[in-house]
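Just below is one structure, and these are the notes that go with it.
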Amino acid sequence: MVLNSAPEREAYQPGFREILMKKTLLLIVVILAIALVALPFFGAYKTEEAFNGWIAEVNQAGTYELEWERYEKGWLSTNAVLKVGFKQPELTALFAASGEEFAIPLNVVLHHGPVLWRDGAGLGWFSGQIFLDKEQEIWIQNNLQVDGEEPFYLMRIFMNLVGNSSFNDRSLPFSISTADDTTIQVTAYAGEGKISRNGRLQYTGNLPQLSVVDESGKIAVDDMRIKIDSDFGKKVGRYVLPSSGEFSVSSISYNNEEGTGFSLQKLAAFSDMQINEEQTMANMVIKIGFGHVNFLGESVSDAALQFRFSNVGVEFLEHYLALIQRGYDSGENSAQLAMQSASLATTHLIPFGPELKIDALKFTTAEGKLNFAGRVAVAPEASQALSPFEILAYLSVDSSLLVDKPLAFRLMRQSTLRDLNAAQFEGGEQLTDDEKQAQADNQAQMTLDMLTVQGMLIDKGEQYSSEFHFKDGKAELNGQPVPLPF
């Protein structure tokens, strides 16, 4: 057909545009339909890839052993059973003797994206739940008093379209009573975490309360928390990776009918490992402390131990942790492992110039305070030394002590009492308790006075202090040179 006039052409244009628009819309609908059909298959692939990667990381760590008992991958969903085993010789031997396999089966039910209609509508590669299988739930219901009708343990997990995952898990509160009239009560546990597309795991968990009650008394643990931050994407070798962890308990207590007991407040532990950009050296910090402890009338507060390892060779750490894991798995002789570790130190540790520094070791009692700090470092040149005595030339040591006099006397007195008891046990002079107490008092003060006269302690009026330094093969105690036998 030929359009000769302008009016004819104008009359044709709207119909052409309408047809073109319809074809375009049809093409878009077809593309979306194909995407909705095909993308769930890609979601299934992403789901399996993510879980297999996580399982491989867990298995490589050496404590747990995870494997699929069943994995049924469909178009819109995956149904599987994941077996969680434990690489612990004691448990393996116990269950092997009974002819049973020690593994916990977990049901894994996942839905593929990108459009997720279950577990909360949204966009992502998968979402789903992980929970105990029916047999395990029946056993729990028959043996525990569980507070709730929902699954005893449940984890919800989700991966967005970028590849970042988030999850939360919880367990129901329960109690159990044993034949000897012991009752254990555990409140509901809850945790949440996330895993980045690059392999960084972050997780926090909280158990509000745990208690054990028997005829002798009650043990109570309140507000137990954990926090983990591990970057598996930057892992070096099998075991070494940048990571940090925190553990804290608000209080631990034990009380009985006699009124004697134990209490611990604000227990906290922290560790952190960082690796340099070249992935050759690691630095570690460890902190342990508590606010207050009371036991049998004795009280200690503001206790802390903080130390750090610097310039530690990553290869040494990798080999050392592998030795520990091998010894744990096989029950290998610890003396043999120690000899291998010493050999590793010469070749993989000393060349980096390692340093151990105690930033603080402190505590407070009714008698006063004690503070200690120290440092030990080895120069890299020590790796060329041919004997242990030659290494001393590259070794440096620093330490400082400050302690209140009443506390120093008590510590020395306790040490003296232990020596007197040991001597008496080995057939030495037999003394009454009063005689031992009096002798311990006299010897403790005499020892402190003697150390002061010898210059090993400095009398600062209300306190004793002491400083020691060793460098370039020379020692100095409280500013005075110390003769060495080498």
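Asp441 meets the salt bridge (Lys or Arg N to Asp or Glu O under 4.0 Å) test with Arg413; sequence neighbours excluded. Partners of Tyr239 by side-chain contact (heavy atoms from CB on, under 4.5 Å), not counting sequence neighbours, listed by chain and number: Glu318, Leu321, Ala322, Gln325. By the side-chain hydrogen bond (donor to acceptor under 3.5 Å, both in side chains) test, Ser299 pairs with His292, sequence neighbours left out. Remark: Glu367 pairs with Arg410 by the salt bridge (Lys or Arg N to Asp or Glu O under 4.0 Å) rule, at least two apart or across chains. Residues meeting the side-chain contact (heavy atoms from CB on, under 4.5 Å) test with His348, sequence neighbours left out: Glu315, Phe316, His319, Leu344. With sequence neighbours left out, Glu246 forms a side-chain hydrogen bond (donor to acceptor under 3.5 Å, both in side chains) with no residue at all.
A salt bridge (charged side-chain N to carboxylate O under 4.0 Å, His left out) check over residues 164-181, counting only residues at least two apart or in different chains, returns the pairs Glu150-Arg170. Residue pairs meeting the salt bridge (charged side-chain N to carboxylate O under 4.0 Å, His left out) criterion with at least one partner in residues 56-65, sequence neighbours excluded, are Glu57-Lys235. Contacts classified as salt bridge (charged side-chain N to carboxylate O under 4.0 Å, His left out) and involving residues 190-201 (residues at least two apart or in different chains) are given here: Arg200-Asp229. Residue pairs meeting the side-chain hydrogen bond (donor to acceptor under 3.5 Å, both in side chains) criterion with at least one partner in residues 158-167, sequence neighbours excluded, do not occur; the list is empty. Sorted pairs that involve residues 272-285 and meet salt bridge (charged side-chain N to carboxylate O under 4.0 Å, His left out), not counting sequence neighbours, are lacking altogether.
Between Leu154 and Arg156, the shortest heavy-atom distance links the atoms CD2-NH2, 3.6 Å. Listed here is the closest heavy atom pair of Leu457 and Ser466: CD2-CB, 4.1 Å.
Side chains of Ile252 and Tyr254 form no contact here, defined as non-hydrogen atoms less than 4.5 Å apart. Side-chain contact check for Glu49 versus Lys46: some heavy-atom pair is nearer than 4.5 Å. Within the 4.5 Å cutoff, the side chain of Leu361 has no heavy atoms near those of the Phe307 side chain. A 4.5 Å side-chain heavy-atom check between Val312 and Leu349 finds at least one atom pair inside the cut-off. Between Leu82 and Ile130 there is no side-chain heavy-atom pair separated by less than 4.5 Å. The side-chain heavy atoms of Met273 and Leu317, taken from C-beta on, include a pair separated by under 4.5 Å. Taking the side chain as every heavy atom from C-beta outward, Gln445 and Leu448 approach each other to under 4.5 Å. Annotation: side chain of Tyr189 is not in contact with side chain of Tyr153 (no heavy-atom distance under 4.5 Å).
Summarising the geometry, atom CG belonging to Asn478 is positioned 8.5 Å from atom NE2 belonging to His469; distances are rounded to the nearest 0.5 Å. Rounded to the nearest 0.5 angstrom, Ile55 CD1 and Gln60 CD are separated by 13.5 Å. Rounded to the nearest 0.5 angstrom, Lys287 NZ and Leu305 CG are separated by 11.5 Å.
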Would you tabulate the side-chain donor-acceptor contacts of residues 399-409 under 3.5 Å, counting partners in other chains and residues two or more places apart, or write 'none'?
| from | atom 1 | to | atom 2 | distance (Å) |
| --- | --- | --- | --- | --- |
| Asp404 | OD1 | Gln463 | NE2 | 3.0 |
| Asp404 | OD2 | Lys369 | N | 2.9 |
| Lys405 | NZ | Asp459 | OD1 | 2.8 |
| Lys405 | NZ | Asp459 | OD2 | 3.0 |
| Lys405 | NZ | Gly461 | O | 2.9 |

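The aromatic rings of Phe126 and Trp54 lie perpendicular to each other, with more than 60° between the two planes, well past the 30° mark. The aromatic rings of Phe51 and Trp68 sit tilted relative to each other, their planes meeting at an angle between 30° and 60°.
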Are Asn206 and Thr204 close enough, and set up right, to give a side chain to side chain contact (heavy atoms under 4.5 Å, CB included), and what steps lead you there?
CA-CA 7 Å; Asn206 173 233; Thr204 59; over 6 Å; no

Working for side chain to side chain contact (heavy atoms under 4.5 Å, CB included), residues Thr280 and Val314
CA-CA 5 Å; Thr280 56; Val314 167; 5.6 Å; no

Is there a side chain to side chain contact (heavy atoms under 4.5 Å, CB included) between Ser310 and Lys357 once you walk through the steps?
CA-CA 8 Å; Ser310 302; Lys357 185 176 182 181; over 6 Å; no

Taking it one step at a time, do Ile228 and Ser243 satisfy side chain to side chain contact (heavy atoms under 4.5 Å, CB included)?
CA-CA 8 Å; Ile228 300 170; Ser243 60; over 6 Å; no

Audit row: Ser216, Asp214, side-chain hydrogen bond (donor to acceptor under 3.5 Å, both in side chains) steps and yes/no:
CA-CA 5 Å; Ser216 64; Asp214 61 15; 2.7 Å; yes

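Judged by distance alone, with hydrogens and angles left aside, the side-chain atoms of Asp222 form no donor-acceptor pair with the main-chain N or O of Ser250 at under 3.5 Å. Of the possible donor and acceptor atoms, one in the side chain of Asn311 sits under 3.5 Å from a partner among the backbone N and O of Gly353.
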